[in-house]
Peer 1: 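To start, I am sharing the structure in question, which I have written as structure tokens.
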Amino acid sequence: MSDPLIHLWTAREADAGAIPPEQLRARDAALRRRAWRRDLIEYAAGALVVAIFAWYILLIPETSMRIASAVIIAGTLIVMRNLWKRRAVEDPAALADDAIACYRSRLAQQRDMLASVARWYLAPLVPGLVLFVIATVVASARVMAIGPALATGAITLAFAGALFVGILLLNRRAARTLDAEIAALDAMRDPPSR
């Protein structure tokens, strides 16, 4: 959003309620910067995953591992598409709303995205991960005892599971933080009557 639009959006003191327009503008800018940085990191990580598993497809002779790599790439591309669809989009029509309602809407969009990360971010990655671990265990069992091959697969799945749980918990905590800020804005706009 350009500075004149931000100025227009926050110019009316009455619309800003108890939050000074400068503070509301700073909060909104910080929220947009955090979302932009997070998305940039996610796109870079996604590009790295795609590149690594594309390299695996070219290098690994094992067909099942190549298929699993292709599924991981597909899952990663789905995640990146989902992230793009859920990105913060500047809505000029939102400028017609008062400043707090517009900022609240941005917070709610981010909260909902973070709270639903299991469905749109983690779930597309699971099939490829599971297939890759299974293919690795099967290929490893051809050259070593089945016990160590299964143990390696179990350790890999446990590590990935812990990573997924960590991602889920961090995103839920961030969603709760945004939810608390939304509740504070709502309380400011609609103070309890005595």
Peer 1: When you compare the side chain of Glu181 with that of Tyr103, does any pair of heavy atoms fall below 4.5 Å?
Peer 2: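 In short, these two side chains touch, coming nearer than 4.5 Å.
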Peer 1: Looking only at non-hydrogen atoms, find the nearest pair between Ser69 and Ile57 and report the distance.
Peer 2: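 Smallest interatomic distance, heavy atoms only, reads CB-CG1, 3.6 Å.
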Peer 1: Are side-chain heavy atoms of Arg32 and Arg37 found at a separation under 4.5 Å?
Peer 2: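 No, their side chains stay 4.5 Å or more apart.
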Peer 1: State the CG-CG distance between Asp28 and Leu107, to the nearest 0.5 angstrom.
Peer 2: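 It is 8.5 Å, given to the nearest 0.5 Å.
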Peer 1: Once you measure the plane-to-plane angle for Trp84 and Tyr43, does it fall in the parallel (<30°), tilted (30-60°) or perpendicular (>60°) bin?
Peer 2: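 Ring orientation of Trp84 relative to Tyr43: tilted.
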Peer 1: Hydrophobic cluster membership, with links at side-chain heavy-atom distances under 4.5 Å among I/L/V/M/F/W/Y: are Ile52 and Leu77 in one?
Peer 2: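 The answer is yes; both residues are in one hydrophobic cluster.
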Peer 1: Checking salt bridge (Lys or Arg N to Asp or Glu O under 4.0 Å) for the pair Arg111/Asp179: CA distance, chi angles, key distance, verdict?
Peer 2: CA-CA 7 Å; Arg111 177 208 53 207; Asp179 207 28; 2.8 Å; yes
Peer 1: Is the closest side-chain donor-acceptor distance between Gln110 and Arg38 under 3.5 Å?
Peer 2: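 A donor-acceptor contact under 3.5 Å links the two side chains.
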Peer 1: Side chains of Val126 and Phe164, heavy atoms from C-beta outward: is any pair under 4.5 Å?
Peer 2: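 Side-chain contact under 4.5 Å: yes.
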Peer 1: Could you report the tightest heavy-atom contact between Ala123 and Pro127, atom names first, then the distance?
Peer 2: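 Here Ala123 and Pro127 meet closest at O-CD, 3.3 Å.
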Peer 1: Do Leu185 and Arg27 touch side chain to side chain, with heavy atoms closer than 4.5 Å?
Peer 2: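 The answer is yes; the side chains approach within 4.5 Å.
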Peer 1: Considering residues, nucleotides and ligands other than Arg172, do more than 12 of their heavy atoms fall under 6.0 Å from its CZ?
Peer 2: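 No, CZ of Arg172 has 12 or fewer neighbouring heavy atoms, counting only those of other groups under 6.0 Å.
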Peer 1: The test is side-chain contact (heavy atoms from CB on, under 4.5 Å); show your working for Val137 and Thr152 and say whether it passes.
Peer 2: CA-CA 7 Å; Val137 168; Thr152 301; 6.0 Å; no
Peer 1: Judged by atom type as modelled, is there a donor-acceptor pair below 3.5 Å linking the side chain of Arg104 to the main-chain atoms of Ile182?
Peer 2: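 No.
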Peer 1: Between atom OG of Ser116 and atom OH of Tyr121, what is the distance when rounded to the nearest 0.5 Å?
Peer 2: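 The distance works out to 13.0 Å.
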Peer 1: Taking all heavy atoms of Leu129 and all of Ala160, pick out the closest pair and write down the distance.
Peer 2: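 Reported closest heavy-atom pair: CD2-CB, 3.4 Å.
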Peer 1: Leu83 and Leu122: same hydrophobic cluster, using ILVMFWY side-chain contacts below 4.5 Å?
Peer 2: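 Yes.
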Peer 1: Return the CD to CG distance between Gln109 and Leu31, rounded to the nearest 0.5 Å.
Peer 2: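 Between atom CD of Gln109 and atom CG of Leu31 there are 9.0 Å.
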Peer 1: Would you mind reporting whether Ile72 and Val49 have side-chain heavy atoms less than 4.5 Å apart?
Peer 2: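 Yes; the side chains approach each other to less than 4.5 Å.
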Peer 1: Do other residues, nucleotides or ligands put more than 12 heavy atoms under 6.0 Å from the OH atom of Tyr56?
Peer 2: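 No, not enclosed.
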Peer 1: Which value, rounded to the nearest 0.5 Å, describes the distance between Asp39 atom CG and Met80 atom CE?
Peer 2: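 Nearest 0.5 Å value for the CG-CE distance: 11.0 Å.
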Peer 1: Measure the spacing between CG of Leu178 and CG of Asp112 and express it to the nearest 0.5 Å.
Peer 2: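 With rounding to 0.5 Å, CG (Leu178) is 9.5 Å from CG (Asp112).
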Peer 1: Side chain of Trp120, backbone of Ile78: donor and acceptor closer than 3.5 Å?
Peer 2: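 Checked: no pair found.
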Peer 1: Do Ile134 and Leu125 share a hydrophobic cluster, counting only Ile, Leu, Val, Met, Phe, Trp and Tyr and linking them when any side-chain heavy atoms are less than 4.5 Å apart?
Peer 2: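 Ile134 and Leu125: one cluster.
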Peer 1: How long is the span from the CH2 atom in Trp36 to the CD1 atom in Ile41, to the nearest 0.5 Å?
Peer 2: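 Reported to 0.5 Å precision, the distance equals 9.5 Å.
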Peer 1: Output, in order, the C-alpha distance, side-chain angles, deciding distance and verdict of salt bridge (Lys or Arg N to Asp or Glu O under 4.0 Å) for Arg87 and Glu42.
Peer 2: CA-CA 12 Å; Arg87 75 193 186 288; Glu42 294 294 339; over 6 Å; no
Peer 1: Kindly work out whether a path of hydrophobic side-chain contacts (I/L/V/M/F/W/Y, heavy atoms less than 4.5 Å apart) joins Ile60 to Leu131.
Peer 2: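 No; tracing contacts between hydrophobic side chains, which count when under 4.5 Å, never links both residues.
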Peer 1: Which pair of heavy atoms, one from Leu114 and one from Ala174, lies closest together, and at what distance?
Peer 2: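 Minimum heavy-atom contact is CD1-CB, 3.7 Å.
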Peer 1: Does some side-chain heavy atom of Thr156 sit less than 4.5 Å from a side-chain heavy atom of Thr136?
Peer 2: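 Counting from C-beta outward, Thr136 and Thr156 never come under 4.5 Å.
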Peer 1: Please find the pair of heavy atoms, one from Ile146 and one from Ala141, that lie closest to each other, and give the distance.
Peer 2: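 Looks like CD1-CB, 3.6 Å.
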Peer 1: Looking at Asn82 and Pro124, what are the two nearest heavy atoms and their distance?
Peer 2: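 Between these two residues, the closest heavy atoms are ND2-CG, 4.2 Å.
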Peer 1: In this structure, would Ile167 and Val133 fall into the same cluster of hydrophobic residues linked by side-chain contacts under 4.5 Å?
Peer 2: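 They do share one cluster, since a chain of ILVMFWY contacts under 4.5 Å joins Ile167 to Val133.
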